[in-house]
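Heads up: numbering here begins at 1 and tracks the sequence. Indexing begins at 1, ligand by ligand and atom by atom, following the structure's order.
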Amino acid sequence: MDFNKVIDRRGTFCTQWDYIEDRFGKGNGDLTPFSISDTDFQAAPEILEEIVERTQHGIFGYSRWNHTEYKSSIQSWFEKRYETIIKEDWVIYAPSVLYSINLLLEILLDNDRKVMTHTPRYDGFTKFLSNYNLYEIELKEISKGNYVTDFEKIEEGFKDGVSAFLLCNPENPVGKVWTEDELIKLTKLCKKYKVYLISDDIHMDITRKKYTPVLKIDSEYSIILSSTSKTFNIPSLGGSYGIIPQDEIREKFLHHLKNVDSVSSPTIFSVLSTITAYNKCEYWVNSLNEYIDKNCEYVMKELDGYKGLEVYIPEATYLMWIGFKNLNISQEQFQKALIEEGKVAIMSGEMYGDKHKIRLNVGCPMEKVKVGVNGIKRAIEKLMN
Ligand SMILES: Cc1ncc(COP(=O)(O)O)c(C=O)c1O
């Protein structure tokens, strides 16, 4: 595996590289993108081999996920990597993590539809949370890159009838990993007020601080949703999984999945890649983490303090949350300069709830990170002149 290897993704119906204009405007298709959260790395060689072998078989009939090989690969990943014991029976397959969050909210919420989550948050949540009665808790940055929640406010909301809490562990975009102590406090409140905790752990494997799955602490009110898609860069193979310990909720979920949404057969590539990733590719995840750490350190060294930029190394993810409030420029001005001078497509923080931030994706070869860093510098220089 060579994470330095640059592979052209243009012309592959690739959202990040081929559809830049959708997010950054007509005529901007030639920018270098650091945008949506996938990486520019090839999947682990064992996954590629598995897919080639299955492809050569040539028959792609209906398939199944509900077997020991699939479920035990997820079970053993949580046990060996995160010392968390889950039961095989708790595992379910679903088309995507967002699908599962939506369906769980429909199952768990009462008529008041009160749901709580943090801000800033992943924009994919924002899109569907507008259908609910939303309670937002601000993630406060008490020192650079160190975010905390407000447990008093959480309890107030719970008293007010919130029936589900949507957590993101680790958080996208701020990169926070929830500590064991924080999860203990949160799950205690959930139990006290009978609030279900849906934890989206899709970014769990790329971390610089110990990640604790909430199911290590509580399996009465907690549910984990995750996928191999981020870590192994395989979202277009389809599929995700959930770990739902509560029998009644799991049964309702599966009933809806099969009988209402008519999802019976998983994509075979999702099933095979998950089994292979979790059974054979832990070494690859460790190397990936080392590589991304270096990318983060490089950005930190080059950009932190640059003309007032505020950069920190996130506790997790390949997404860097960069502040520019000291520069006295608007997001609009910054984006214009990033596009016109920097020739780079970088996500506006406004989409996630902070208009003085940008989100830089460093899940790519170092060579591309350098293009991004230089683009940001050129944009700022132009604005400062
Ligand atoms: C926190 C988080 N959850 C979910 C998703 C999307 O997952 P899926 O495609 O499985 O719905 C993303 C993708 O960026 C994400 O960052």
Side-chain angles (χ1 to χ4, degrees), residues 13-17 19 22-23 33-41 43 65 74 91-106 115 117-129 139 147 164-178 197-207 211 213-214 223-244 253 257 261 263 266-267 269-271 273-274 277 292 314-321 345-349 351-354 357 359-364:
F13 301 112
C14 160
T15 304
Q16 189 169 183
W17 286 84
Y19 299 96
D22 291 356
R23 285 190 168 77
F34 298 84
S35 54
I36 64 154
S37 85
D38 65 11
T39 73
D40 292 326
F41 303 127
W65 59 268
I74 294 163
V91 174
I92 57 93
Y93 169 92
S96 72
V97 168
L98 290 183
Y99 168 93
S100 301
I101 296 172
N102 265 301
L103 178 48
L104 281 172
L105 289 178
E106 290 302 327
V115 57
T117 196
H118 285 113
T119 179
R121 64 170 165 272
Y122 166 49
D123 59 316
F125 293 168
T126 303
K127 284 175 200 148
F128 63 78
L129 286 176
L139 282 171
Y147 288 84
F165 191 109
L166 174 56
L167 188 74
C168 193
N169 185 24
E171 289 284 341
N172 169 12
V174 307
K176 177 184 173 61
V177 177
W178 291 93
L197 181 64
I198 305 170
S199 190
D200 173 345
D201 292 14
I202 198 167
H203 292 282
M204 67 194 185
D205 299 316
I206 299 177
T207 58
Y211 151 78
V214 69
I223 293 167
I224 287 180
L225 303 174
S226 194
S227 169
T228 45
S229 61
K230 294 279 167 222
T231 310
F232 297 91
N233 200 28
I234 50 176
S236 63
L237 297 185
S240 73
Y241 61 85
I243 310 172
I244 309 179
F253 187 99
L257 179 84
D261 291 343
V263 180
T267 87
F269 291 123
S270 170
V271 172
S273 59
T274 296
I292 291 171
E315 292 172 0
T317 79
Y318 47 76
L319 306 165
M320 296 191 77
W321 190 231
I346 300 174
M347 297 302 251
S348 157
M351 301 184 65
Y352 313 93
D354 190 336
K357 292 271 193 339
R359 198 195 71 172
L360 178 76
N361 179 342
V362 296
C364 56

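Protein residues are said to neighbour a ligand when one of their heavy atoms lies under 4.0 Å from it; for ligand 1 these are S37, S96, V97, L98, Y122, C168, N172, D200, I202, H203, K230.
Side-chain contact of T274 with T228: a donor-acceptor pair under 3.5 Å is present, judged by distance alone.
Between Y99 and F253, the two ring planes are perpendicular [angle over 60°; tilted spans 30° to 60°].
At least one side-chain heavy atom of R23 sits under 4.5 Å from a side-chain heavy atom of M347.
Residues that satisfy the side chain to side chain contact (heavy atoms under 4.5 Å, CB included) test with S273, not counting sequence neighbours, are I47, I234, L237. Looking at residues two or more places apart in sequence or on another chain, you find a side chain to side chain contact (heavy atoms under 4.5 Å, CB included) between S348 and Q331, Q335, E350. Here F125 pairs with Y122 under the ring-ring contact (aromatic ring centres under 6.0 Å, His included) rule; sequence neighbours left out.
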